[in-house]
Amino acid sequence: MDEKFLKPYDPAATESRIYKEWEKSGLFNPDECVKQGATEATAPAYSIVLPPPNVTGRLHMGHALMLAIEDVFIRFKRMRGFRTLWVPGTDHAAIATQSVVEKQIKKEEDKSRHDLGREELLKRIETFAAESHDTIVGQLKTMGASLDWSREAFTLDETRTRAVRAVFKQMYDAGLIYRGLRIVNWDPKGQTTISDDEIVYEERAGKLYTFRYAKDFPIPIATTRPETKVGDVGIAVHPDDVRYQSFVGKEYDVVFCDVPIHITVVADTAVDPAFGTGAVGLTPAHSQTDWDIADRHELSHEVIVINEIAKMTVPGRLNGKKVAEARELVVQWLKDEGLLEKEEDTVQNIATAERTGGVVEPLPKLQWWVDVNKEVPGRGKTLKELMLEPVRSGAIKIIPEHFEKTYFHWIENLRDWCISRQIWYGHRIPVWYRDEEVQIGIEPKESGWVQDEDTLDTWFSSGLWTFSTLGWPEQTDDLTTYHPTDLLETGYEILFFWVARMILMTEFTLGTIPFKTVYLHGTVRDAKGRKMSKSLGNGIDPIDIAARFGADAARMALIVGNTPGTDMRISEEKIKGYKHFANKLWNVARFILENTQGASIEASLTPKDAQLAADVEALTKEITDDIENYRVYLAAEKIYHYVWHELADKILEESKPIFAGTDGGATQSRAALLLLLLTRILKLLHPFMPFITEEIWQSMPTKDSAFLMVARWPESAAGVR
RNA sequence: GCGCUCUUAGCUCAGUUGGUUAGAGCGUUCGCCUCACACGCGAAAGGUCAUAGGUUCGAAUCCUAUAGAGCGCACCA
């Protein structure tokens, strides 16, 4: 027996060594597996693309969970003989990365992005991104992820840039990308537009003011934002509202808080007659709803009273004031003039920017959009329909299933996607202008062209991820072999951000689905059920955990009992439990190897031992079915339970008297059985705890493959021997 | 407003298509350093499966209602 078994299992010393051996073997690469005879050249393919971590710093427990689950499927399929590919990569994460670096520069040098300039800021971000990338790659390896590093991708590298430009051009040519003046979600803090999905609503106490524009004005209106009323162009009432019917169509000129405004009364069914006074003051430039109503009644969109830094742009006392200040001034003015009729406390949902926390200011701006309601040429369907269809038909299966309803519900409410951002880090919009000319997708060679200043929403490039990573727009072998991918495993919180957009992009570009199954995991929370966050300081660092308890233990703790779509709580106690399990397994191996030296696995089994062999056969079938059907949380628990409470507690205990006895046949039978069982559990456990199982495998007299990683998964038909 | 989910042992959660005395981990109590393992072993306590109905030979599991918790989308000017 190997000397190493005389000491307790030491994950820290073992795991990094094993990973290096795997890397050296080249077996993470399916081509190499075929070349070395570990996989049949004609075997079916199985592929997953790694959801690319943002290059904003370090991995967190959510990443560790993602890696644990995906690596289970990858290792399982690889052992089952599939040509298995897991593509690694990282995401430039545009706005997230830029804001991290900007904050850092502000703190350390007290400089803004404008002090540095575009070129210098980008240089700084790229340096930061490169450092983050290296950290992340190291961490992915620490967790044991069997990724094919020879195929690593980055959302902002050359190949991916080609893909982005090609898709942009195709969509533009298809009339699905357009530039338009529309109300956008403007983040005054981040100085950029954001998409609807990047908004977080916060409940805050506010006041609802009821007032009239002027003393003799016939209709009172209610608002929570009196400062915007200097931008009003009309009043909308419900067509059936008898109180106001006689005013519809009338126009008024008043001076409101030093600002002359022109008001037209219109009737629109969007107005709720029961709310406030039943009359809405319309501010088309600063409210999406008002913009829509103004659209329907041909009222002006052009009265803009708030600018990009959330300050007032009107003449008089409000000029240059911040929005909050202006609100107080208007209220004061209303009181002084005797126009304020009511002031009530109310709770309002404030739109804030997810990344910066800035209060979103709706503003009309010229931006690039993806039209989700226009028919895609040649497909006879809109992008919205193309997103719905594969999920409806079952071509894409979402796990857990109930998220399919959430997905449909979201798509029903989907509006055009704003894809331009006023930040500098990211894919620059591939559009060049010269006088009245516009060129799309390909940079013009002649001089005098100026590229669009804006960059693309980061989800535009990540939407291409399943096929851009496989080399598209080149028609590569990888694309033919591995696309559509088999599984997309990610957190449910990015179902809309990412999963939906991948379906959109892939359906449009390739006319196919990006993946067959979506497995959504929940959020990893702390022991008290709180989200892990920097500000709370309750985060658990997976790398620190791996160093203290082993990546194997961390993986098991994240998988056992963690059903898809459900949030989980993790604590050091739970992880420690699985470190103990690793040690248990280690000792099981020691006991078996110690007591079976020189034994033959060919020995004939006693009826009792044959029964035990049949039992593990049944277990094998169950575990195989569980993993195939995405019940990894059950599979992990079953193998754990078997190793500890069947094999160790019962079978090994029973074996002691047998080995101490004098019945040669029984001893030989038991030794053969134990070797078979150990071989079997190493295989069953390997996808979950790859390091320790590989380490024990290396000392197994029965090993039939240089690496457990590519040993054949026990197929139920084959029998235990 | 629309939609989704959850409520099982002190705590955190499983329970795969309804089927015999409802499980695990942690925690608690008691006894053990027994020659694989104290990162361990043996034993014990602990649940009217939120509540009320219904379907069924049979329900934690299916249906309806109620209560509580959480989440997503939309949003009231």
Side-chain angles (χ1 to χ4, degrees), chain A residues 1 5-11 196-197 199 201 206 208-210 221-226 228-229 232 235-236 270-272 274-283 286-290 293 346-349 351 400-415 492-493 495-496 522-523 525 527-529 549-550 553 556-557 560-563 565-595 622 625-626 629-631 633-638 640-641 644-645 648-649 652-653 655-656 660:
Chain A
M1 190 192 59
F5 289 106
L6 297 177
K7 287 180 288 186
Y9 177 63
D10 177 8
D196 294 343
D197 304 299
I199 288 178
Y201 287 96
L208 183 68
Y209 303 94
T210 305
I221 59 169
T223 185
T224 52
R225 296 200 58 187
T228 65
K229 298 294 102 185
D232 280 10
I235 286 181
V271 179
D272 174 5
F275 187 88
T277 64
V280 185
L282 296 175
T283 326
H286 301 291
S287 151
Q288 180 69 54
T289 344
D290 293 5
I293 296 175
T346 178
V347 178
Q348 38 178 348
N349 268 335
E401 208 180 328
H402 69 80
F403 272 101
E404 293 184 357
K405 287 183 192 159
T406 312
Y407 178 82
F408 295 141
H409 190 251
W410 177 80
I411 289 186
E412 277 160 28
N413 289 305
L414 184 63
R415 287 185 299 200
Y492 64 74
E493 73 278 5
L495 178 62
F496 310 134
T523 305
R525 297 169 177 276
K528 292 177 184 161
F549 305 108
M556 278 297 272
V560 174
N562 182 12
T563 47
T566 310
D567 292 355
M568 77 171 313
R569 302 185 185 198
I570 193 88
S571 60
E572 281 198 17
E573 283 309 302
K574 185 171 182 189
I575 300 163
K576 206 162 133 192
Y578 291 101
K579 180 184 192 287
H580 294 176
F581 176 61
N583 196 56
K584 187 76 185 178
L585 177 66
W586 191 247
N587 282 294
V588 165
R590 179 206 294 193
F591 177 88
I592 292 178
L593 293 174
E594 224 166 36
N595 286 287
E622 264 186 64
D625 286 350
D626 283 339
N629 292 294
Y630 304 101
R631 297 187 295 259
Y633 54 98
L634 275 184
E637 194 177 340
K638 283 178 187 168
Y640 170 92
H641 193 262
W644 203 312
H645 301 299
D649 286 355
L652 293 195
E653 289 305 323
S655 303
K656 289 175 185 173

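Convention: sequence-line order gives letters A, B, ...; per-chain numbering from 1.
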Selected nucleotide, minimal atom distance to [X] side chain, candidates [options]:
X: A:R631; options: B:U16, B:G72, B:A24; answer: B:U16
X: A:H580; options: B:G72, B:A36, B:G40; answer: B:G40
X: A:H409; options: B:C2, B:C39, B:A14; answer: B:C2

Is any side-chain nitrogen or oxygen of [X] closer than 4.0 Å to OP1 or OP2 of [N]?
X: A:R569; N: B:U12; value: yes
X: A:H645; N: B:G25; value: yes
X: A:T566; N: B:C6; value: no

What contact category does [X] fall into here, base, sugar-phosphate, or nothing, at under 4.0 angstrom with non-hydrogen atoms?
X: A:H286; answer: nothing
X: A:D626; answer: base
X: A:K576; answer: nothing

Under 3.5 Å between N/O atoms: give me all the protein pairs with nucleotides 74-77 of chain B, atom names plus distance.
| unit_1 | atom_1 | unit_2 | atom_2 | d |
| --- | --- | --- | --- | --- |
| B:C75 | N3 | A:N349 | ND2 | 2.9 |
| B:C75 | N4 | A:N349 | ND2 | 3.2 |
| B:C76 | OP1 | A:T289 | OG1 | 2.6 |
| B:A77 | O5' | A:T224 | OG1 | 3.0 |
| B:A77 | O3' | A:T223 | OG1 | 2.8 |
| B:A77 | N6 | A:D272 | O | 2.5 |
| B:A77 | N6 | A:F275 | O | 2.9 |
| B:A77 | N1 | A:D272 | N | 3.2 |

Item to check | Pairing partner of B:C30 (Watson-Crick or G-U wobble, both distances under 3.5 Å) | outcome: B:G42
Checklist entry - Can you find an N or O donor on one side and an acceptor on the other, under 3.5 Å apart, linking the side chain of A:K584 with the base of B:C37? => result yes
Next on the checklist: Using only modelled atom types and a 3.5 angstrom limit, is any donor from either the side chain of A:K574 or the base of B:C26 paired with an acceptor on the other?
Outcome noted: no
Find the distance [X]:[atom1] to [N]:[atom2] and express it as a whole number of Å.
X: A:H641; N: B:A14; atom1: NE2; atom2: C1'; value: 12 Å
X: A:W644; N: B:A36; atom1: CH2; atom2: P; value: 17 Å
X: A:D10; N: B:C39; atom1: CG; atom2: C1'; value: 12 Å

